[in-house]
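In the text below, chain A, chain B and the rest are named by the order of the sequence lines, each starting its count at 1. Quick note: numbers below take in every heavy atom, side chains included, and nothing from hydrogens, waters or symmetry partners.
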There are 2 protein chains.
Amino acid sequence: MTPLSDTDSTETERGGGHVDESVAADARSKSRPTMRHVATLAGVGVKTVSRVINGEPNVSAATIERVLKAARSLDYEPDLHAGNLRRADGRTRTLGLLVGSVDNPFAGAVHRAVEDAALARGVAVFASSLDDDPEREQAAVSAFLRRRVDGLILTTVSENQAYLAPELRRGTPVVFVDRQPAGVTSDSVVSDNTAGAALATRHLIEQGHRRLAYLGDRHDIRTAQERRRGFLDELGRAGIATGDAPLIEGLHDEETSRRATLALFDGENPPTAIFGAQNLVTIGVIRALRELGRQLDTALVGFDDVPLGDLLEPGVTVVAQDPHAIGRIAAERVFARLDGDDSPAERTIVPTRLLQRGSGELLPRVDAR
Amino acid sequence: MTPLSDTDSTETERGGGHVDESVAADARSKSRPTMRHVATLAGVGVKTVSRVINGEPNVSAATIERVLKAARSLDYEPDLHAGNLRRADGRTRTLGLLVGSVDNPFAGAVHRAVEDAALARGVAVFASSLDDDPEREQAAVSAFLRRRVDGLILTTVSENQAYLAPELRRGTPVVFVDRQPAGVTSDSVVSDNTAGAALATRHLIEQGHRRLAYLGDRHDIRTAQERRRGFLDELGRAGIATGDAPLIEGLHDEETSRRATLALFDGENPPTAIFGAQNLVTIGVIRALRELGRQLDTALVGFDDVPLGDLLEPGVTVVAQDPHAIGRIAAERVFARLDGDDSPAERTIVPTRLLQRGSGELLPRVDAR
DNA sequence: CCTAACGCTGACATCGTTGTCAATTGGGCA
DNA sequence: TGCCCAATTGACAACGATGTCAGCGTTAGG
């Protein structure tokens with residue numbers, strides 16, 4: 001109530017000292033200072049404070065000085081969102097990032113790259129975890145949009161992303177990472193899943209393996225489908241009957257993968273080589289092979305790198321993705337779109353690399369065939 | 001310009017069909033729908049839309065229906081920040097999290113725990129990386145505050161956090177994680193660094209080691225100081241001359257740590273046991289020991305767990321922190337403060353656990369004493 | 001000396017939403 | 001029938017900032 005009396009800025013003329021005091025008291029109080037507080041303390045209009053805070057021209061050096069001093073003394077921080085409401089460009093300088101899980105190393109690297117690109121432009125990043133839950137996906141996107149992010153970088157899992165169509169029409173840049181969108185057209189940045197999986201599979205076949213098993217994520221995840229296809233295609237090219245190859249899907253963490261691997265070796269005629277189609281799956285396989293004492297006797301290639309994979313015994317051979325590049329490119333596309341690039345949606349495919357570290361170079365057991 | 005004519009809501013009376021059409025056209029256009037658009041389309045006042053969107057009582061079922069239908073057809077998402085400007089509680093339902101680096105596994109686990117707690121309350125999380133750079137710390141905090149986050153969870157590195165005093169006075173909850181604040185009083189959640197380091201050191205001494213080396217982070221980081229103290233205290237308790245023990249500080253990533261370890265073994269009378277005071281440091285040590293072929297010949301205990309540490313050969317013995325608990329407790333404290341808890345600032349110490357996996361149980365080489 | 005131009009400044013409307021408050025409606029009860 | 005009360009609804013101001021614009025004083029040019 002009382003602070004509102006400051007509105008009468010003519011008071012500044014008479015007894016400036018008195019006003020200063022009450023403003024200073026405000027600074028000590030629990031209320032957050034606004035531009036009006038700064039303006040009153042500096043003895044200028046709010047618009048002038050706005051000009052100084054935003055570095056606009058046509059303010060005298062002396063006034064700038066007074067305003068900055070007042071702002072500092074009140075510990076003033078401008079309210080970005082209030083400004084945004086009125087500002088012409090309507091930018092919140094905020095970005096929404098949705099990844100598999102913020103504590104997955106792949107996601108961490110993507111996140112870090114996005115953050116680096118964003119920081120350079122003074123943009124803050126909201127990060128959320130998807131947990132492969134379609135409801136979570138939509139809730140996260142909605143939470144981002146309500147906060148009026150300037151752009152979205154999304155890993156998705158729901159059937160299709162048609163719900164984003166209106167937002168895309170409004171011009172909000174959306175870049176899909178790791179997984180491609182369905183039902184809408186927009187930029188995406190993905191690894192070459194099919195080729196990478198084929199590369200891994202070919203590598204195993206080249207070591208002489210004929211009994212290969214595929215262990216992968218949920219079949220309704222498009223990325224998983226592509227990796228599976230790469231695996232099967234390559235078997236086909238090598239003339240290996242794909243019907244025989246154990247295909248185990250629906251794995252989503254170390255534990256389910258570990259159990260599936262144990263079960264695999266519990267059956268008859270276990271594989272001599274395994275393709276782990278995702279980092280957590282690969283780790284689960286490694287654990288199981290250790291338990292069975294077969295880590296030097298069963299070949300393994302993983303898709304996506306595994307932390308400290310080079311220090312294990314044997315080293316884990318993987319088809320490594322480049323999550324840092326994926327994040328960087330995704331962020332660059334968002335910013336390019338924000339800067340007005342309206343070229344057609346583009347799909348950027350980031351190449352994968354085979355890292356031979358030992359586990360993928362193991363030869364088939366002699367007893368097997 | 002034309003959209004502004006909607007303001008005249010009396011138009012709804014005459015030719016409702018015409019208005020509907022123009023609103024529908026708006027939906028297809030690039031402009032983002034506001035409550036006024038929804039209100040016009042539904043034929044009600046904006047305040048009624050506000051009531052429906054916020055689930056306030058005293059709206060007839062029929063009206064609710066009409067408003068929701070209009071909102072859906074326009075793909076309306078409320079502007080949280082505009083609402084916030086006016087809303088009494090002034091909450092943005094947003095939180096700022098500052099961690100060492102979002103791609104560090106420790107930080108990832110903290111982040112995930114914070115996110116889980118926040119999600120349950122409909123709160124979104126800004127995440128930033130500190131990179132042990134004091135300027136970055138302050139820039140990140142300022143970015144958070146300009147966006148009016150409801151609370152802060154911070155890992156800090158600057159000399160002191162006195163710059164936060166005005167914000168704390170205004171009642172913004174701030175919880176420090178991993179490192180304690182200096183110059184201000186506020187909640188903090190940390191591991192028991194001194195005790196954990198002492199535990200690690202004692203364990204090595206119990207295996208008979210007398211020549212122990214400490215490899216750690218920058219000495220100006222308080223957490224690093226505490227771990228160093230725990231190490232030295234324990235040497236003292238065991239009657240080992242602390243002056244002789246190699247103390248290598250200023251390490252901040254795998255590479256610097258690896259080189260420091262190599263140098264250590266290049267000198268004369270290398271240690272028989274090493275304490276790696278941080279996860280990246282520990283990894284660097286492991287790499288160096290591998291290169292030297294001394295991984296089975298030099299004991300190692302790390303502070304903070306290492307990914308797949310149990311799968312290495314030898315397994316990496318560590319004093320594990322509980323980053324998930326740290327994040328969860330920190331988030332809970334923020335929310336408790338927001339809910340009005342004004343008890344004195346509290347320091348929560350999360351216990352550490354010694355995980356014996358092999359590397360810490362190696363005995364001293366016979367040639368060394 | 002007059003006028004135009006420029007630099008500097010603040011009053012005011014406005015952004016999208018919610019708090020306040022008053023107006024309207026309909027139903028129940030005397 | 002008449003009155004009161006509760007439920008429903010919308011007009012309006014306000015939140016903290018910026019865009020627009022007009023007004024001031026000074027200086028330069030004719």
Side-chain angles (χ1 to χ4, degrees), chain A residues 1 3-4 6-10 12-13 31-40 42-67 71 74 76-93 145-148, chain B residues 1 3-4 6-10 12-13 31-40 42-67 71 74 76-93 145-148:
Chain A
M1 318 301 151
L4 289 185
D6 303 356
T7 315
D8 189 358
S9 62
T10 58
T12 320
E13 322 301 323
S31 79
R32 188 183 293 284
T34 71
M35 268 194 182
R36 237 194 20 240
H37 294 113
V38 177
T40 309
V44 300
V46 284
K47 179 64 214 199
T48 298
V49 175
S50 170
R51 273 189 271 259
V52 173
I53 296 291
N54 294 287
E56 286 172 42
N58 295 331
V59 185
S60 74
T63 305
I64 291 180
E65 182 66 21
R66 277 219 313 290
V67 169
L74 294 178
Y76 171 74
E77 289 275 5
D79 184 324
L80 212 58
H81 295 115
N84 228 72
L85 207 49
R86 191 68 173 85
R87 202 190 311 278
D89 67 6
R91 298 279 164 83
T92 53
R93 307 189 84 70
L145 293 179
R146 281 158 191 250
R147 289 174 176 84
R148 296 293 186 263
Chain B
M1 314 301 149
L4 288 186
D6 305 355
T7 316
D8 189 359
S9 61
T10 59
T12 319
E13 322 301 325
S31 79
R32 188 183 293 282
T34 71
M35 269 194 182
R36 238 197 16 246
H37 295 114
V38 178
T40 309
V44 300
V46 285
K47 179 64 215 202
T48 297
V49 175
S50 169
R51 273 189 272 257
V52 173
I53 296 290
N54 294 289
E56 285 172 40
N58 293 332
V59 185
S60 74
T63 305
I64 291 181
E65 183 66 22
R66 278 219 312 292
V67 168
L74 293 178
Y76 170 73
E77 289 275 5
D79 185 324
L80 213 60
H81 294 115
N84 228 78
L85 206 49
R86 190 65 172 88
R87 202 190 312 275
D89 68 7
R91 297 279 164 83
T92 53
R93 307 192 81 71
L145 293 178
R146 281 158 191 249
R147 289 175 177 83
R148 297 293 187 262

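If you measure from atom CD of B:Glu56 to atom P of D:dA7, you get 15 Å, rounded to the nearest angstrom. Distance CZ (A:Arg36) to P (D:dC15): 7 Å, rounded to an integer number of Å. Regarding A:His81, its NE2 atom lies at a distance of 12 Å from the C1' atom of D:dA17, rounded to whole Å. Counting to the nearest Å, the P atom of D:dT8 and the CD1 atom of B:Ile64 are 9 Å from each other. Atom CZ in A:Arg66 sits roughly 14 Å away from atom P in C:dC8 (whole-Å rounding). With rounding to whole Å, A:Glu77 atom CD is found 15 Å from D:dG16 atom P. A straight line from CG of B:Asn58 to P of C:dA23 spans 18 Å, rounded to a whole angstrom. Here C:dT17 presents its P atom at 21 Å from CZ of B:Arg91, a figure rounded to the nearest Å.
Between B:Val59 and B:Arg148, it is B:Val59 whose nearest contact on DNA chain D lies nearer the 5' terminus. Of the two residues contacting DNA chain D, namely B:Leu85 and B:Ser60, the nearest-nucleotide position lying further toward the 5' end is that of B:Ser60.
For A:Tyr76, no side-chain nitrogen or oxygen approaches OP1 or OP2 of D:dG16 to under 4.0 Å. Using a 4.0 Å cut-off, no side-chain N or O of B:Thr34 falls inside it from OP1 or OP2 of C:dC15.
Residues from residues 46-53 of chain A lying near DNA chain D, meaning a heavy-atom separation below 4.0 Å, are A:Lys47, A:Ser50 in numerical order.
A donor-acceptor pair shorter than 3.5 Å cannot be found between the side chains of A:Thr40 and A:His37.
Residues in residues 56-66 of chain A take part in these side-chain hydrogen bond (donor to acceptor under 3.5 Å, both in side chains) pairs, two or more places apart or across chains: A:Ser60-A:Thr63.
Among the atoms of the strands shown, none is found under 4.0 Å from any heavy atom of A:Ala39. Within the nucleic acid shown, B:Pro78 comes within 4.0 Å of sugar-phosphate atoms alone, with no base atom in reach, counting heavy atoms only. Residue A:Asn84 is out of contact with every strand shown, counting any heavy-atom pair closer than 4.0 Å.
How far CD1 of B:Ile53 is from OG1 of B:Thr48: 11.5 Å, rounded to the nearest 0.5 Å.
The A:Arg87 side chain lies nearest to D:dT18 when the options are D:dA14, D:dT18, C:dG16.
Side-chain atoms of B:Arg86 stay outside donor-acceptor range of the base of C:dT17, with no qualifying N/O pair under 3.5 Å.
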Within the sub-3.5 Å range, which N or O atoms of nucleotides 25-28 of chain D have a protein N or O partner, and how far apart are they?
none

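With A:Val52 as the partner, the side chain to side chain contact (heavy atoms under 4.5 Å, CB included) test is satisfied by one option alone out of A:Val38, A:Val67, A:Val44: A:Val67.
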For residues 76-87 of chain A, which side-chain donor-acceptor pairs fall under 3.5 Å, sequence neighbours excluded?
unit_1  : atom_1 : unit_2   : atom_2 : d
A:Glu77 : OE1    : B:Ser142 : OG     : 3.3
A:Glu77 : OE1    : B:Arg146 : NE     : 3.0
A:Glu77 : OE2    : B:Ser142 : OG     : 3.3
A:Asp79 : OD1    : A:His81  : N      : 2.9
A:Asp79 : OD1    : A:Ala82  : N      : 2.9
A:His81 : NE2    : B:His81  : NE2    : 3.2
A:Asn84 : ND2    : A:Gly90  : O      : 3.3
A:Asn84 : ND2    : A:Arg91  : O      : 3.2

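For the helix from C:dC1-D:dG30 to C:dA30-D:dT1, the end axes, each set by the C1' atoms of five terminal pairs, are bent relative to each other by 50° (nearest 10°).
Considering every non-hydrogen atom in both A:Thr92 and B:Arg147, the closest pair reads O-NH2, 3.7 Å.
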